[in-house]
Amino acid sequence: MRFEGTVFRYGRDVDTDVIIPARYLNSSDPSVLARHAMEDLDPTFVSRVRPGDVIVAGENFGCGSSREHAPVALKAAGVSCVIASSFARIFYRNAINTGLAILECPEAVEAISDGDVVSVDTDDGSIRDETTGASFSAQPFPPFVAQIIQAGGLVERTRRQLAERGGRA
Amino acid sequence: MTRPMTMAERMLAAHAGLDEVVPGQLVECDVDLVLANDVTAPMALRTFRELGATRVFDRDRVCLVPDHYVPNKDIRSAEQAKLVRDFAHEQGVSHYWEAGRAGIEHALLPEQGVVGPGDLVIGADSHTCTYGALGAFATGVGSTDAGVALATGRAWFKVPETVRVEVTGALAAGVCAKDVILHVIGLLGVDGALYQSIEFAGSAMRALSMEGRMTVSNMAVEAGAKAGLFEVDDVAREWLSGRCERPYVEVHPDADAACARRVAIDAADVVPCVAWPHLPSNVRPAADSRDVAIDQALIGSCTNGRIEDLRVAASVLAGRRVAPGVRCIVIPATPAISRQCMDEGLAAVFLDAGCVLSTPTCGPCLGGHMGVLAAGERCVSTTNRNFVGRMGDPASEVYLAGPAVAAASAVAGHIALPDDLD
Ligand code: SF4
């Protein structure tokens with residue numbers, strides 16, 4: 001999938017409590033969660049983000065709780081892709097499972113500035129900073145993970161497997 | 001002969017039906033238990049329905065624990081709790097607890113003998129790693145993983161590398177398990193063990209009680225780890241005996257198993273410490289934190305809400321009063337612990353000292369209810385996270401500490417050690 005959007009640049013250790021504060025976890029409705037995405041780190045985020053925009057951040061993005069509300073809130077707010085130097089492992093799983101595109105690419109994180117326009121191809125991991133003209137390539141996903149993404153997420157993949165086995169796990 | 005393996009590798013291999021696995025390998029495993037709570041289960045149940053599933057894979061291997069916003073804090077949380085309750089009843093889930101019998105999941109499951117050594121557990125809660133203290137491979141996942149596993153009893157894993165953390169020697173008096181794990185996180189950093197499994201070892205670790213070990217394993221995720229494992233020994237066997245509802249399998253690492261990294265710590269270097277805002281790795285000695293005035297102290301959570309923690313807190317609070325203007329909130333993690341607090345006279349100590357004594361709940365730990373912070377307020381807390389806005393307003397602050405420091409701080413009105421009190 002190809003995306004193009006404006007970059008919101010953040011630092012390292014962006015945790016799930018700032019991505020979606022726990023005080024909103026009494027809902028799991030994506031549109032409700034989207035209204036509070038990134039609220040405690042950047043209160044202007046929700047009013048500025050446009051569909052397709054890209055978050056670029058340092059190491060350990062998504063650390064903290066296992067709340068799937070975090071990738072769901074970002075996706076519903078319009079974020080097309082998160083590029084980070086590294087991801088916390090539960091966030092990594094959750095993003096893949098819920099279909100939020102993520103790319104691990106420390107070089108791109110180093111070079112891309114807030115407000116740049118970037119285009120991203122999540123199939124081959126290529127990233128281009130349209131503002132500066134610089135190009136980067138992210139680590140490809142392991143084949144097993146790529147399979148889940150290609151199937152359209154873990155739910156789709158499992159649904160197919162269940163169907164093949166005649167409805168029994 | 002298979003290759004020498006770490007505990008994590010042995011347990012994942014066993015559950016994947018393989019003789020051996022290597023770090024980095026992706027495997028699909030049968031899980032022994034699937035856990036979710038009132039915040040994460042509603043999304044997991046949505047996944048379950050989307051799959052077209054009608055029955056959980058095994059009604060005795062599903063744990064649903066309403067603990068975060070329970071007793072219900074508002075209408076929305078009541079509706080979430082109801083979704084979980086209705087599902088539990090519809091499916092005949094045997095491990096569902098109603099408020100009054102429910103407690104904080106990671107204290108409740110070990111206490112009730114639901115988790116045992118050798119188990120592979122996934123929980124839609126990041127602190128599922130707590131059960132590593134029992135020698136189980138237990139890790140946090142999201143709601144989609146949990147929802148799929150509710151239907152299939154299976155999950156995928158990347159076999160983690162192992163980091164071996166060995167703490168040798170003896171801890172000084174007044175130094176607790178919380179200090180040890182904060183010290184470790186301070187050394188490793190919040191992503192120091194990212195995608196890895198930690199094996200805790202060494203004489204100082206073996207000297208910890210099961211409660212202390214659970215405090216340590218609980219916070220493995222705060223160093224980014226997938227699991228934080230202890231080997232089963234006599235301390236564990238004694239604690240487990242008569243408690244575990246299923247027969248269990250002890251899994252030990254091979255002596256020559258390859259680790260990605262070994263971290264050696266001298267127990268004498270560990271002092272009572274505090275993690276300052278806004279990262280659990282931002283660790284400083286409690287003795288250097290005395291300038292921090294506090295508005296609230298919280299003693300509880302899946303990290304430090306067990307009986308041993310409450311005994312320590314009570315020993316500091318006995319015969320003393322919480323400082324004027326400070327709230328000290330004490331939350332036993334399970335009903336059995338509440339009962340023990342009454343029977344041992346700890347409840348009276350807390351009430352006489354002027355504490356709030358709450359029913360078991362996660363409550364303030366995640367800024368949910370029962371002790372949310374206003375802008376500018378500071379809390380010293382025995383919980384595990386001090387991120388921006390974790391316990392309330394984004395302009396509030398959380399300082400993580402062990403129960404003795406939290407209790408002493410409640411009396412002093414600023415961060416303090418028990419020895420500071422007259
Ligand atoms: S006590 Fe806190 S950290 Fe533990 S499960 Fe509850 S919310 Fe999570």
Side-chain angles (χ1 to χ4, degrees), chain A residues 12-18 21-29 32 39-41 43 58-61 63-72 85-99 142-145 147-148 153-159 161-163 165 167-169, chain B residues 24 26 39-40 42-44 46-47 50-53 57 68-69 73-77 79-80 123-128 139-148 151-154 156 158 160 189-191 194-195 221-222 224-226 278-279 281 366-368 372 385 387-390 392 394:
Chain A
R12 56 168 299 149
D13 302 320
V14 173
D15 62 77
T16 50
D17 277 292
V18 296
R23 57 185 176 276
Y24 304 120
L25 296 185
N26 55 2
S27 173
S28 58
D29 177 343
V32 173
E39 188 171 289
D40 286 357
L41 182 62
E59 290 84 5
N60 204 25
F61 187 89
C63 62
S65 98
S66 68
R67 63 189 70 154
E68 210 155 281
H69 311 66
V72 167
S85 309
S86 64
F87 290 91
R89 60 160 283 276
I90 304 179
F91 186 91
Y92 181 95
R93 288 184 83 99
N94 289 349
I96 288 162
N97 288 343
T98 57
F144 183 89
V145 173
Q147 251 180 44
I148 296 178
L154 186 66
V155 172
E156 255 326 294
R157 178 174 179 270
T158 310
R159 212 200 313 249
Q161 283 177 338
L162 290 177
R165 288 182 219 149
R168 259 311 297 156
Chain B
L26 287 146
V39 164
T40 57
M43 270 194 189
R46 200 183 296 162
T47 296
E50 275 169 24
L51 287 171
F57 78 106
H68 279 56
Y69 289 129
K73 84 153 183 152
D74 57 14
I75 295 170
R76 276 192 180 165
S77 54
E79 278 161 1
Q80 295 204 102
D125 191 279
S126 57
H127 294 104
T128 301
T139 192
V141 296
S143 294
T144 301
D145 279 312
V148 165
T152 64
R154 293 175 67 76
W156 65 273
K158 182 167 159 187
V190 284
D191 62 350
L194 192 60
Y195 306 128
V221 65
E222 259 46 78
K226 182 172 201 157
H278 290 285
L279 283 177
S281 58
L366 80 162
V372 176
R385 285 195 178 131
F387 299 146
V388 171
R390 172 70 181 181

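The basis for the numbers below is simple: all heavy atoms, side chains too, and nothing from hydrogens, waters or symmetry mates. No experiment lies behind these values; they were computed from the predicted model shown. Labels below follow one simple rule: chain letters A, B, ... track the order of the sequence lines, proteins then strands, and each chain is numbered from 1.
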Engineer: Closest heavy-atom contact between A:L25 and B:Q80?
Structural biologist: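 Shortest heavy-atom contact: O-NE2, 2.9 Å.
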Engineer: Rounded at 0.5 Å granularity, tell me how far OH in A:Y92 sits from NZ in B:K158.
Structural biologist: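 Rounded to the nearest 0.5 Å, the OH-NZ separation comes to 6.0 Å.
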Engineer: Taking atom types as modelled and ignoring hydrogens, do the side chains of A:S28 and B:R46 form a donor-acceptor contact shorter than 3.5 angstrom?
Structural biologist: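 Checked: A:S28/B:R46 side chains pair up, N/O donor to acceptor below 3.5 Å.
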Engineer: Does A:R93 make a cation-pi contact with B:W156 (under 6.0 Å, within 45 degrees of the axis)?
Structural biologist: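 Relative to the ring axis of B:W156, which defines the angle, A:R93 lies inside both limits.
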Engineer: Select one option (side chain, backbone, both, neither) describing which atoms of B:L366 are under 4.5 Å from chain A's heavy atoms.
Structural biologist: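 Both parts, heavy atoms under 4.5 Å.
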Engineer: Report which part of B:E50 has an atom under 4.5 Å of a heavy atom belonging to chain A: side chain, backbone, both, or neither.
Structural biologist: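 B:E50 touches chain A through backbone and side-chain heavy atoms alike.
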Engineer: So what's closer than 4.5 Å to chain A heavy atoms on B:R390: side chain, backbone, both or neither?
Structural biologist: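 Both parts, heavy atoms under 4.5 Å.
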Engineer: Consider only side-chain N and O atoms of A:E68 and B:T144, and report whether a donor and an acceptor are under 3.5 Å apart.
Structural biologist: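 Yes, B:T144 and A:E68 have a side-chain donor paired with an acceptor closer than 3.5 Å.
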Engineer: How close do A:G64 and B:R385 get, heavy atom to heavy atom, and via which atoms?
Structural biologist: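 Here A:G64 and B:R385 meet closest at O-NH2, 3.0 Å.
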Engineer: Please report the interatomic distance CE(B:M43) to CG(A:D29), rounded to the nearest 0.5 Å.
Structural biologist: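 Rounded to the nearest 0.5 Å, the CE-CG separation comes out at 9.0 Å.
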Engineer: Distance from B:I75 atom CD1 to A:N26 atom CG, nearest 0.5 Å?
Structural biologist: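 Taking CD1 in B:I75 and CG in A:N26, the distance rounds to 10.5 Å.
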Engineer: As an exercise: rank A:V72, A:I148, A:T98 by heavy-atom pairs under 4.5 Å with chain B and give me the winner.
Structural biologist: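 Among A:V72, A:I148, A:T98, the one with the most close pairs to chain B is A:I148.
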Engineer: Which heavy-atom pair separates B:P394 from A:D40 by the least distance, and what is that distance?
Structural biologist: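 Looks like CG-OD1, 3.2 Å.
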Engineer: Enter the distance from B:S126:OG to A:R67:CZ here, rounded to the nearest 0.5 Å.
Structural biologist: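 These two atoms lie 8.0 Å from each other.
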Engineer: Quick one: closest heavy-atom pair of B:L194 and A:A88, and the distance?
Structural biologist: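 What the structure gives for the nearest pair is CD1-CA, 3.6 Å.
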Engineer: Quick one: pull up OG in A:S65 and NE2 in B:H68 and give me the separation to the nearest 0.5 Å.
Structural biologist: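 Atom-to-atom, A:S65:OG and B:H68:NE2 are 7.5 Å apart.
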Engineer: Hey, which of A:P21, A:C63, A:S66 has the most heavy atom pairs under 4.5 Å with chain B?
Structural biologist: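 Of the options given, most contacts go to A:S66.
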Engineer: Quick one: what part of B:L51 sits under 4.5 Å from any heavy atom of chain A, side chain, backbone, both or neither?
Structural biologist: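 Both backbone and side chain of B:L51 come within 4.5 Å of chain A.
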Engineer: Out of A:L41, A:D15, A:V145, A:D13, which one racks up the most heavy-atom pairs below 4.5 Å with chain B?
Structural biologist: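 Most heavy-atom pairs under 4.5 Å with chain B: A:D15.
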Engineer: So B:V388 and A:D17, do their side chains get closer than 4.5 Å, heavy atoms only?
Structural biologist: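 Side-chain contact under 4.5 Å: no.
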Engineer: As an exercise: rank B:V372, B:V141, B:D125 by heavy-atom pairs under 4.5 Å with chain A and give me the winner.
Structural biologist: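 Answer, by heavy-atom pair count under 4.5 Å with chain A: B:V141.
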Engineer: Of the backbone (N, CA, C, O) and the side chain (C-beta and beyond), which part of B:L279 lies under 4.5 Å from a heavy atom of chain A, both, or neither?
Structural biologist: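 The side chain, not the backbone.
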